[in-house]
Every structure is written in structure tokens, then in C-alpha cells.
Amino acid sequence: WGGSTIDAIDSDSTEGNHRIVNSLIRYDLEKNTFLRPWITERRTPAQVSPGSYDQGISPMGMDFLEDGTIRVAYAGTNEVIEYDEKGKQLRSLALKNHFLSAPHSLAHFGQSRWIVGSPAEGMVGIFETQDHSLVERINLNPADPFSPENDPRILERRLGEIGFYESTLAGISCQSCHMHGDSDYAFHDIGSYQAFATLSAAGVAGTAPYLRDASYPDLPALHEVAVDLYRGYQNDESDDDRAHHLAEYLKSISGKFQPEGEAISNESVQRGSHVFHNAGCATCHTPPAYTNLSGVPSRRLFLNDRATTSSWLDTPSLLGLHSSAPYLHDGRASTLRDLLTTYNAVNQHGETQDLTPAELDDLIAFLKQL
């Protein structure tokens with residue numbers, strides 16, 4: 001079994017944007033095949049609008065009991081739900097009132113108890129199996145000068161992390177695609193009827209504007225997507241506060257640097273830095289954010305590409321570039337080498353066509369360590 005959010009082109013859960021269905025998927029190891037997804041998102045009587053969900057969003061942790069019961073933690077709706085082996089819901093437990101928002105994991109804890117973890121709250125909770133009563137809540141936050149009581153920014157970031165996992169009424173959270181602030185490394189249709197690779201949210205602070213068409217000037221503005229397209233959130237925090245808290249959380253996620261397991265020499269990086277500037281790359285990807293904080297006409301980069309639908313594209317930051325393949329706005333370049341050679345035949349994306357093989361290697365080494 002595995003928790004998942006799957007792209008559903010025919011779904012009516014959203015209006016013109018990310019089409020995501022929350023589900024559990026069973027995998028047959030003997031036949032090496034996936035079985036039919038088991039849809040978990042549901043409406044309770046509190047949700048009267050068609051397509052509005054408030055249960056079973058963002059399945060995260062799973063546990064299997066000896067009697068066939070399946071217990072699932074849902075980060076998007078702050079709950080634990082138990083099912084029988086056929087998928088019938090047996091009972092649910094709301095966790096928000098227990099200060100265990102955005103639960104990530106759960107497990108057996110002895111014969112008659114189970115435990116659930118909330119990284120965003122810095123808490124774990126121990127519950128009785130029979131009646132789901134709370135036995136003990138353990139605070140894992142260290143008592144240090146950087147506690148929320150002494151630094152309000154830390155509290156804001158924690159509230160932003162909870163909001164990052166919180167589901168909208170359309171059954172979608174930031175977490176649905178940007179798993180744990182990163183990427184699900186999948187392609188999604190985000191309203192243009194064309195699938196794009198999910199970019200990592202790590203290191204996005206200071207790299208505005210955002211989205212493919214550079215239409216959002218800062219991080220708080222991204223909150224408009226959830227409000228306008230996803231029917232807003234379920235909880236009663238004000239939209240202004242949530243937007244601010246989400247921005248603070250995103251600012252706290254550091255970018256990814258040199259990929260593990262790949263040795264890149266300092267000398268190659270230094271040479272690559274000179275190639276980067278000599279090839280004119282810094283004109284648009286200006287240090288230290290490695291973006292000019294603006295957009296670029298798509299025709300400037302793709303002169304003969306009639307399939308390009310956007311008139312303007314965001315100039316993305318190159319920070320963490322090594323982990324965000326495939327490249328370009330539509331993912332056409334599978335590697336950095338493809339981007340600099342095959343898809344830059346007329347030097348519209350930097351003067352790279354006349355680079356020697358050694359210079360190209362150094363430039364790629366420099367880009368990978370950003």
C-alpha cells in the first residue's frame with residue numbers, strides 16, 4: 001500500500017488548475033502491477049458545495065493491524081482514519097485539538113496503544129487503540145533561546161509549515177505536489193492543459209517573480225492561488241495571516257546544493273564561473289539570486305517554436321538547479337548538457353555553441369554546485 005496524490009484530468013475537484021485526487025494505492029508484488037486506486041477524499045455534512053472536501057486529504061503515514069484494519073494519518077485534514085480491509089471507513093479522530101497538526105507518521109506502541117507524530121508542532125501523541133483517547137502528548141521542542149516564546153519568527157514558520165500541509169476545500173495542499181517543501185518529481189497539468197514538471201520549493205526565497213509566467217511578484221501573493229482556484233482553506237485563520245506565515249515557512253527552506261555522490265572539483269567550478277559570465281548567462285541569471293527577478297519573452301528564447309504558448313516566462317533562479325531536472329519551462333531538456341547544446345542551437349540562451357568540450361564540462365560543474 002502507499003499514500004498518493006494522483007493527477008486526474010477528468011476530476012471536478014478543482015476549477016481550472018491542479019487536478020489532484022487523494023488516494024491509497026495497492027500494489028500486487030507477485031504480478032508487479034498497481035491495482036485500482038482507492039479514493040480517500042470525502043465530504044462530510046459540513047461541506048455542502050459540490051467538490052468541496054474536508055476529509056482524507058494528503059495521506060501520509062500508514063499502519064496495518066493484525067485484524068486487517070488499516071490506520072492512515074492525513075496531513076491535509078489533521079486526522080487519523082481507520083478502514084477495514086475492504087476500504088470501509090470505521091472511525092476517525094481529529095488531531096488539531098490535540099496540537100498534532102499535519103500528522104506525518106504513526107505506528108503501533110504496545111498492544112493497546114498507537115503513536116502519531118507531528119513535526120510541524122514538534123509533538124508526538126500516544127493514543128488508546130480502543131477508544132482513541134489521548135494518553136500522553138510529548139513535546140520534542142528543545143528549550144533553547146530560539147523557542148517560539150523568544151523568537152516570534154519561529155512561531156510564524158511553524159504556523160506556515162502547518163498551512164503548507166493544510167488542505168483547501170478542493171482537496172489540494174501545497175504538500176500535494178511540493179512534498180515536504182521539495183517536489184514530487186512528477187508532471188502535472190496546472191491549468192494550461194499541458195503537463196509541467198513540479199519545481200522544488202527549496203530556496204525560492206528572494207527569487208521572485210514566481211510561477212512559469214512570472215505572474216506573482218512575491219511569496220505571499222502565491223496564496224491567491226489557493227483562495228481563488230481551490231476555494232480557500234478549511235480552518236479559520238485569516239487569509240492575510242496564512243499568506244504571511246506560508247511565506248515565512250518558505251523562506252526557511254534552504255536550497256539544495258552539490259548533489260551527493262558526485263565529486264566536483266573546486267578548480268572546475270572556478271573555471272565554470274568564468275565560462276558562465278563570459279557566455280552571458282549572468283545577464284538574466286544574475287548572482288546572488290541567479291535570476292534578474294523578471295520575466296523574458298518566450299520568443300526570445302525559442303525563436304522557431306510555434307508550440308510555445310506563453311508570451312512571457314519567469315526567469316528562474318539557478319540555485320539548486322542540479323535537483324530540478326528536467327529543464328526549461330516545459331521540461332524538454334532532460335539534462336543540463338541538453339539545455340546548453342541541443343536546445344540552444346542559435347545561442348539565444350547564452351553563448352554556449354562555441355564552447356569547447358572542456359569549457360562545457362566546467363560550466364555544467366559550476367551550475368551543479370549552485
Side-chain angles (χ1 to χ4, degrees), residues 1-14 18-96 98 100-118 125-135 165-173 175-177 179 184 186 234:
W1 288 89
S4 175
T5 52
I6 59 175
D7 212 25
I9 300 300
D10 296 327
S11 171
D12 62 355
S13 61
T14 57
H18 301 54
R19 296 167 174 86
I20 298 294
V21 174
N22 295 273
S23 61
L24 300 178
I25 300 175
R26 189 170 184 173
Y27 187 77
D28 190 324
L29 292 175
E30 293 183 356
K31 297 181 179 179
N32 193 30
T33 184
F34 287 102
L35 304 180
R36 183 180 178 85
W38 166 8
I39 307 302
T40 62
E41 58 188 29
R42 290 182 172 85
R43 293 193 297 270
T44 68
Q47 301 303 322
V48 296
S49 299
S52 293
Y53 302 104
D54 62 349
Q55 191 177 80
I57 309 300
S58 288
M60 193 73 65
M62 302 182 70
D63 193 13
F64 302 89
L65 309 185
E66 293 182 357
D67 62 0
T69 300
I70 303 171
R71 188 179 289 138
V72 183
Y74 291 95
T77 39
N78 303 311
E79 61 188 335
V80 170
I81 300 179
E82 288 185 354
Y83 305 91
D84 65 19
E85 56 187 1
K86 296 182 179 180
K88 179 182 178 181
Q89 181 173 318
L90 301 176
R91 55 182 174 174
S92 64
L93 171 67
L95 294 176
K96 183 179 179 181
H98 294 302
L100 294 166
S101 301
H104 277 31
S105 58
L106 48 79
H108 293 298
F109 197 67
Q111 294 297 318
S112 61
R113 295 178 179 178
W114 53 275
I115 187 169
V116 63
S118 169
I126 302 174
F127 293 85
E128 290 285 358
T129 296
Q130 293 299 320
D131 59 5
H132 282 184
S133 61
L134 178 66
V135 176
Y165 288 89
E166 180 186 356
S167 172
T168 62
L169 293 177
I172 298 169
S173 65
Q175 151 71 16
S176 295
C177 298
M179 297 182 66
D184 62 359
Q234 301 177 42

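Everything quoted here is computed from the prediction, not taken from an experiment.
- The two residues S58 and S176 have their closest heavy-atom pair at OG-OG, 4.1 Å.
- The salt bridge (Lys or Arg N to Asp or Glu O under 4.0 Å) analysis of residues 60-70, with sequence neighbours excluded, yields the pairs D63-R71.
- When every heavy atom of I126 is checked against every heavy atom of L134, the shortest pair comes out as O-CD1, 3.5 Å.
- When only modelled atom types and interatomic distance are considered, Q175 and S173 share no side-chain donor-acceptor pair under 3.5 Å.
- A donor-acceptor contact shorter than 3.5 Å is absent between the side chain of H104 and the backbone of A73.
- Between R43 and Y53, the closest heavy-atom pair is CG-CD2, 3.9 Å.
- Note that CD of E128 is 11.5 Å distant from CZ of F109, once rounded to the nearest 0.5 Å.
- The heavy-atom pair separating A75 from P103 by the smallest distance is CB-O, 3.5 Å.
- Results of the side-chain contact (heavy atoms from CB on, under 4.5 Å) test with Q55 over I81, N22, T40 single out I81 as the only residue that passes.
- One finds the CD1 atom of I70 at 9.0 Å from the OH atom of Y83 (value rounded to the nearest 0.5 Å).
- Rounding to the nearest 0.5 Å places OH of Y165 at 8.5 Å from CE of M179.
- In terms of the ring pair (Phe, Tyr, Trp, His ring centres under 6.0 Å) criterion, residue partners of F127 (sequence neighbours excluded) are, by chain and number, H98, W114.
- The line from CZ of R42 to CD of Q89 is 5.5 Å long, rounded to the nearest 0.5 Å.
- At a threshold of 4.5 Å between non-hydrogen side-chain atoms, the residues W38 and S23 do not count as touching.
- From Y27, atom OH reaches atom OG1 of T33 across 7.0 Å, with rounding to the nearest 0.5 Å.
- Using modelled atom types, one side-chain atom of N78 and one backbone atom of A102 make a donor-acceptor pair closer than 3.5 Å.
- The backbone N or O of D54 sits nowhere less than 3.5 Å from a side-chain atom of T77 that would complete a donor-acceptor pair.
- Taken to the nearest 0.5 Å, the CE atom of M60 stands 11.0 Å off from the CG atom of L106.
- Residues S92 and E79 approach most closely at CB-OE1, 4.4 Å, considering heavy atoms.
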